[in-house]
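Just so it is clear: chains get the letters A, B, ... in the order the sequence lines come, proteins before strands, and each one is counted from 1. Remember, it's a predicted structure, so these values are computed and weren't measured experimentally.
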Amino acid sequence: MSPFRVNLGGEGEVPGVLNQQGRWVLTRGWRSSETIQTFKQLVDAGYRFLICDNLDLPLPDECCDEVLTNNVPPFDSVTHWGPTIQTSEVRRILKSGGRWIDNGDVHYVKP
Amino acid sequence: MNAFFALFERKSSSPEPGWADREFPAIVAESPLHLWRPGDPIIGRGSRLLVGVATWSGYDMRLLDVLAESLRGGGASQPLVEVFNTAECLRRRDFKKYVPRNHPVFHTPLVGIWQDGELIWSGEGHEAREEVARRFHSGSAEIVAYVQDWIKARRAGRA
């Protein structure tokens, strides 16, 4: 079975993983910051999305092999977009031994 | 010179909350860019670019390095480049104090371009990065590639 990987946002979407995004992706005028594709274009191109906020990810405990983030606001804070990535949620969804990769570097490995 | 991207790099290695935002004004002060705050005057003659950036975005920080390097290169016809930190915008309506436009802000940078005191263009994200970088003989693709290469190097370093 291939590893289950989740991209919790930042610049651009990642092919082959579940890309979490806020509800704003459904807003008229939204485009990917990296490729300027619309949400529909990304879905048509095969990108998979999970649309939800960061406080309560609708994913089971310990389901995820790897969490990816890149160029994101400080964790556990609030911006005008709303609550940022919650470290408690990342730790909850990672399997034991699962890794959180932030900007290409290992930020956390779940014991 | 890569003072802005270095700020992003240091923040990535030591993510103390708010640290990079506190450092940002001092780095701007040492560059040819100018920090702009609501209430500051807007020049009535010539071109003015106002670039709103996030210190947590390597793409935004690289863009500022590109602008600063180009401005240091001189030339009499360079536009005035002013910047602000989007962390100052706690609510969506706060962005209008910087760039008066009716669109919601989804991405950084947020950019406004004024000519002779009149806002003639505004945009955000990739489109804005491209518009600004192009005026300084660069492009969004170059900036994205720079950050992606940095991420790849970090990934290779842990492989």
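- For a heavy-atom cut-off of 4.5 Å, chain A lies close to B:W56, B:S57, B:G58, B:Y59 in residues 51-66 of chain B.
- Residue contact with chain B, scored on non-hydrogen atoms closer than 4.5 Å, involves the side chain of A:N70 exclusively.
- For B:D40, the side-chain contact (heavy atoms from CB on, under 4.5 Å) partners at least two apart in sequence or on another chain are B:W36, B:R37.
- For the options B:V147, B:D21, B:V105, B:D94, heavy-atom pairs under 4.5 Å to chain A are most numerous at B:V105.
- A:Q21 and A:E13 are linked by a side-chain donor-acceptor pair at a separation below 3.5 angstrom, with hydrogens and angles left out of the test.
- Of the two parts of B:E88, neither the backbone nor the side chain holds a non-hydrogen atom closer than 4.5 Å to a non-hydrogen atom of chain A.
- With sequence neighbours left out, the side chain to side chain donor-acceptor pair (under 3.5 Å) criterion links A:N54 to A:Q20.
- Judged purely by atom type and a 3.5 angstrom limit, A:Q41 uses its side chain to pair as donor or acceptor with the backbone of A:T38.
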Which side-chain N or O atoms in residues 55-62 of chain A pair as donor and acceptor under 3.5 Å with protein atoms at least two apart or in another chain?
residue, atom, partner, partner atom, Å
A:D61, OD1, A:R92, NH1, 2.8
A:E62, OE2, A:K110, NZ, 3.4

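- Heavy-atom distances place both the backbone and the side chain of B:T108 under 4.5 Å from chain A.
- Both the backbone and the side chain of B:R92 come within contact range of chain A, each with at least one heavy atom under 4.5 Å from a heavy atom of that chain.
- For the atom pair A:F75 CZ and A:I85 CD1, the distance stands at 6.0 Å (nearest 0.5 Å).
- For the pair B:R135 and B:I113, the minimum side-chain heavy-atom distance is below 4.5 Å.
- Not one N or O on the side chain of A:D105 forms a donor-acceptor pair closer than 3.5 Å with the backbone of B:R154.
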